[in-house]
Each structure stands twice: as C-alpha cells, then as structure tokens.
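Below: one structure, written as structure tokens.
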Amino acid sequence: MIDFARVQKELQECSREKDSSGIRVSPKSDSLARLTGIIPGPLGTPYEGGSFEIGFYFADGYPFEPPKMKFVTKVCQSGAICLDILKDQWSPALTLKTALLSVQALLSAPEPDDPQDAVVAQQYLREYQTFVGTARYWTESFAKASSLGVEEKVQRLVEMGFPDGLVRSTLEAVGGDENLALEKLLSS
C-alpha cells in the first residue's frame with residue numbers, strides 16, 4: 001500500500017524548497033498516486049535553460065518500493081530513466097526530491113556504461129560533439145517554453161526553399177539554432 005501521508009509530506013518539502021532547488025512537484029490529478037515533477041536543466045550542460053517534466057507513478061509499496069519515473073519532456077527516444085536508485089538501490093530514506101536531484105545529476109554526467117538507450121550511449125562515447133548537438137537541439141525544441149518549437153523553425157526554412165529532410169537534419173546538427181542552420185543550408 002502506498003504511504004500517501006509520506007507522499008504529501010514530500011510534496012510539502014519540495015514546495016518549501018522550490019525557489020532554492022528549482023525542483024517542483026505536484027499531483028497530476030486529484031490522486032497522489034501520479035505526480036509531475038519539473039527539474040531545470042543543469043548549468044554547463046546541453047540541457048541548460050530547459051525545464052524537464054518527469055512523470056511519477058507509485059506502485060503499491062512506496063516508500064519501500066521505488067516510484068516509476070519517466071521523462072515526459074523529450075530528452076531521448078524512449079524517455080526512460082536508467083538510475084540504480086529507481087531499481088535495486090532504492091531505499092525508503094530516499095525522497096521524491098532526491099530522486100529528481102539524481103535525475104538532474106544524470107543529465108550532468110550520463111552513465112554510458114549502464115545506458116537505457118544504447119545508441120545514445122555509443123554516440124556519447126564515440127561522437128561526443130554530435131551527442132551535445134543533439135541534446136541541445138532536443139532541449140531547444142522540447143524543453144524551452146520561450147523558444148519556438150522545431151516545427152515552426154522547419155516551416156520557416158522550408159518556406160525559403162530548402163527540402164524538409166535536409167532542414168531537419170541541419171537543425172539537429174546545429175543544436176536547434178535556426179540562424180546557424182540557415183547559414184549551413186546556404187553554404188551547402
């Protein structure tokens with residue numbers, strides 16, 4: 001059985017500390033069994049400036065069993081989060097906030113030796129600049145409320161006469177920067 005009193009207490013803790021941590025957690029509906037967490041992208045990473053939504057689902061047994069967590073904001077293909085504390089290293093001493101801080105730390109220092117997505121892990125290890133460009137592109141496209149979405153950028157560049165597929169691959173190669181993409185498209 002889920003300890004809803006504990007979940008409520010943890011929600012209050014996150015609410016008190018949201019200004020200092022940047023982490024927010026709220027119920028997804030009128031039930032405490034599903035929550036939504038928001039973490040800021042870590043400074044000095046390709047995720048900087050983004051806000052990443054993470055869905056929580058509590059199975060019976062919380063806090064003795066870990067919550068199920070998944071990126072709602074697109075960060076990689078699956079959105080799955082591969083962290084040992086969400087599997088066999090979970091402890092009832094851990095909280096929603098520590099779980100979210102661990103996810104934020106994972107964005108700062110990915111674990112390519114224990115990946116959820118083997119393709120992304122190989123890119124991180126063998127083509128680091130491509131990994132960084134892709135991560136920036138996804139952050140710009142999906143995690144920044146102030147920036148235009150990728151579809152608007154694609155549409156504008158296609159209207160200038162460039163092919164859709166080429167526009168998308170160029171935007172991805174330059175981390176979503178529309179001006180750099182235009183320069184690259186014009187020089188090719």
Return a table of donor-acceptor pairs under 3.5 angstrom between the side chains of residues 123-131 and protein atoms on other chains or two or more places apart.
from	atom 1	to	atom 2	distance (Å)
Arg126	NE	Gln122	OE1	3.4
Arg126	NH1	Gln122	OE1	2.8
Arg126	NH2	Gln122	OE1	3.3

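The cationic group of Lys74 lies under 6.0 Å from the six-membered ring centre of Phe142 and within 45° of the ring axis, placing it in a cation-pi geometry.
In this structure, the separation between OG on Ser108 and CD on Glu48 is 10.0 Å, given to the nearest 0.5 Å. Leu166 CG to Lys184 NZ: the interatomic distance, rounded to the nearest 0.5 Å, is 9.5 Å. Here the CG atom belonging to Leu185 is positioned 5.0 Å from the CZ atom belonging to Phe162, to the nearest 0.5 angstrom. Between the CG atom in Leu182 and the CZ atom in Arg156 there is a gap of 10.5 Å [rounded to 0.5 Å]. The OH atom of Tyr47 sits 10.5 Å away from atom CZ of Arg136, with the distance rounded to the nearest 0.5 Å. The structure places CD of Glu13 at 10.0 Å from CD1 of Ile23, a figure rounded to the nearest 0.5 Å.
Nearest heavy-atom pair, Ala135 versus Pro46, reported as atom, atom and distance to 0.1 Å: CB-CB, 3.6 Å. A pairwise comparison of heavy atoms in Phe58 and Pro67 identifies CE2-CB, 3.7 Å as the closest pair. Nearest heavy atoms, Lys144 versus Gly49: CG-O, 3.6 Å. The minimum heavy-atom distance between Ile85 and Thr98, with the atom names listed, is CD1-O, 4.5 Å. When all heavy atoms are compared, the tightest approach of Ser51 to Thr73 is O-OG1, 3.8 Å.
Hydrophobic clustering (side-chain heavy atoms under 4.5 Å, transitive across Ile, Leu, Val, Met, Phe, Trp, Tyr) keeps Val72 apart from Leu32. Linking Ile, Leu, Val, Met, Phe, Trp and Tyr residues whenever their side-chain heavy atoms come within less than 4.5 Å leaves Val103 and Leu43 in two separate clusters.
Applying the salt bridge (Lys or Arg N to Asp or Glu O under 4.0 Å) criterion to Glu17, with sequence neighbours excluded, gives Lys97. Every residue two or more places apart in sequence or in another chain that forms a salt bridge (Lys or Arg N to Asp or Glu O under 4.0 Å) with Arg168 is listed here: Glu151, Asp164.
The closest side-chain heavy-atom distance from Thr170 to Leu157 is not below 4.5 Å. Side-chain contact check for Pro27 versus Leu11: some heavy-atom pair is nearer than 4.5 Å. Under the 4.5 Å side-chain criterion, counting only non-hydrogen atoms from C-beta, Pro66 is not in contact with Lys87. Counting heavy atoms from C-beta outward, Leu171 and Tyr137 have side chains that approach closer than 4.5 Å. Side-chain contact between Val25 and Thr36 is absent, with no heavy atoms from C-beta onward closer than 4.5 Å.
Using the six-membered ring where Trp is involved, Trp90 and Tyr62 have ring planes that are tilted, between 30° and 60° apart.
A distance-only check finds a donor-acceptor pair linking the side chain of Ser169 to the backbone of Gly165 [under 3.5 Å].
Around atom CE of Met160, more than 12 heavy atoms belonging to other residues, nucleotides or ligands sit under 6.0 Å away. Surrounding CZ of Phe4 are more than 12 heavy atoms belonging to other residues, nucleotides or ligands, all under 6.0 Å away.
Between Leu100 and the options Thr95, Ile39, Ile38, a side-chain contact (heavy atoms from CB on, under 4.5 Å) holds for only Ile39.
The residues Glu10 and Arg6 are annotated as salt-bridged, a charged nitrogen and a carboxylate oxygen being separated by less than 4.0 angstrom.
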Going through the distances and angles, do Leu35 and Ile54 end up as a side chain to side chain contact (heavy atoms under 4.5 Å, CB included)? CA-CA 8 Å; Leu35 304 176; Ile54 297 168; over 6 Å; no

